[in-house]
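Worksheet: one structure, shown below.
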Amino acid sequence: MLDVMTTRMVNLVYQVAYLASRAAPGIPNPGQGEAPPFANSFLILLKWGVWGALFCGVGGFVIIGARMTIKHQKGEGGNHVQSMVLVGFGCITAVSGYFFVSAVIGSG
């Protein structure tokens, strides 16, 4: 489910960027210039950041599952849907941010 939502979010970002480029033809094109020397290092740091964010997201889902189990064994109900939505939204934001920045940079 999360990968489907992520794919849809990335496709939406690409469509918005495409429509924005078509709607504003007066924006100058800087051409196919040479990337700065730190571009590869920036992408490597960005990939590490995405992996770190997804690692934290998986950890968040594990913690939410543990909390659900503990509360169920105690006989208490819990409002865990909100926590799951927040963690899922964080994962989607991290992945979408990576794809958006790599699309802007032109590699990825």
Side-chain angles (χ1 to χ4, degrees):
M1 169 100 177
L2 184 61
D3 58 344
V4 172
M5 290 173 44
T6 304
T7 304
R8 288 184 181 170
M9 181 67 130
V10 169
N11 288 338
L12 179 66
V13 168
Y14 278 127
Q15 289 175 357
V16 168
Y18 176 75
L19 290 175
S21 69
R22 291 292 184 191
I27 298 174
N29 183 4
Q32 301 297 325
E34 184 177 315
F38 59 86
N40 288 337
S41 300
F42 179 71
L43 281 176
I44 290 171
L45 287 175
L46 188 62
K47 288 177 185 179
W48 276 76
V50 169
W51 277 106
L54 292 178
F55 178 77
C56 291
V58 170
F61 281 121
V62 169
I63 291 170
I64 292 168
R67 282 185 11 210
M68 288 172 66
T69 303
I70 290 170
K71 290 206 179 235
H72 178 71
Q73 287 178 350
K74 289 182 178 181
E76 302 173 359
N79 186 11
H80 303 289
V81 174
Q82 180 183 7
S83 300
M84 290 172 46
V85 168
L86 288 175
V87 172
F89 183 70
C91 293
I92 290 170
T93 303
V95 172
S96 298
Y98 166 73
F99 283 118
F100 182 72
V101 171
S102 63
V104 169
I105 289 177
S107 61

Exercise answer: donor-acceptor pairs, residues 89-97 side-chain atoms, under 3.5 Å, sequence neighbours excluded:
{"residue": "Thr93", "atom": "OG1", "partner": "Phe89", "partner atom": "O", "Å": "2.7"}
{"residue": "Ser96", "atom": "OG", "partner": "Ile92", "partner atom": "O", "Å": "2.8"}

Checklist entry - Do Val50 and Phe42 share a hydrophobic cluster, counting only Ile, Leu, Val, Met, Phe, Trp and Tyr and linking them when any side-chain heavy atoms are less than 4.5 Å apart? => result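 Linked within one cluster.
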Item to check | Residues clustered with Trp48, ILVMFWY side-chain links under 4.5 angstrom | outcome: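 Reading the cluster by chain and number, Trp48 sits alongside Ile44.
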Checklist entry - Taking atom CD1 of Ile64 and atom CE of Met84, what is their separation to the nearest 0.5 Å? => result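 If I round to the nearest 0.5 Å, the distance is 6.5 Å.
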Acceptor/donor pairs from residues 53-63 side chains to any protein atom, 3.5 angstrom cut, sequence neighbours excluded:
none

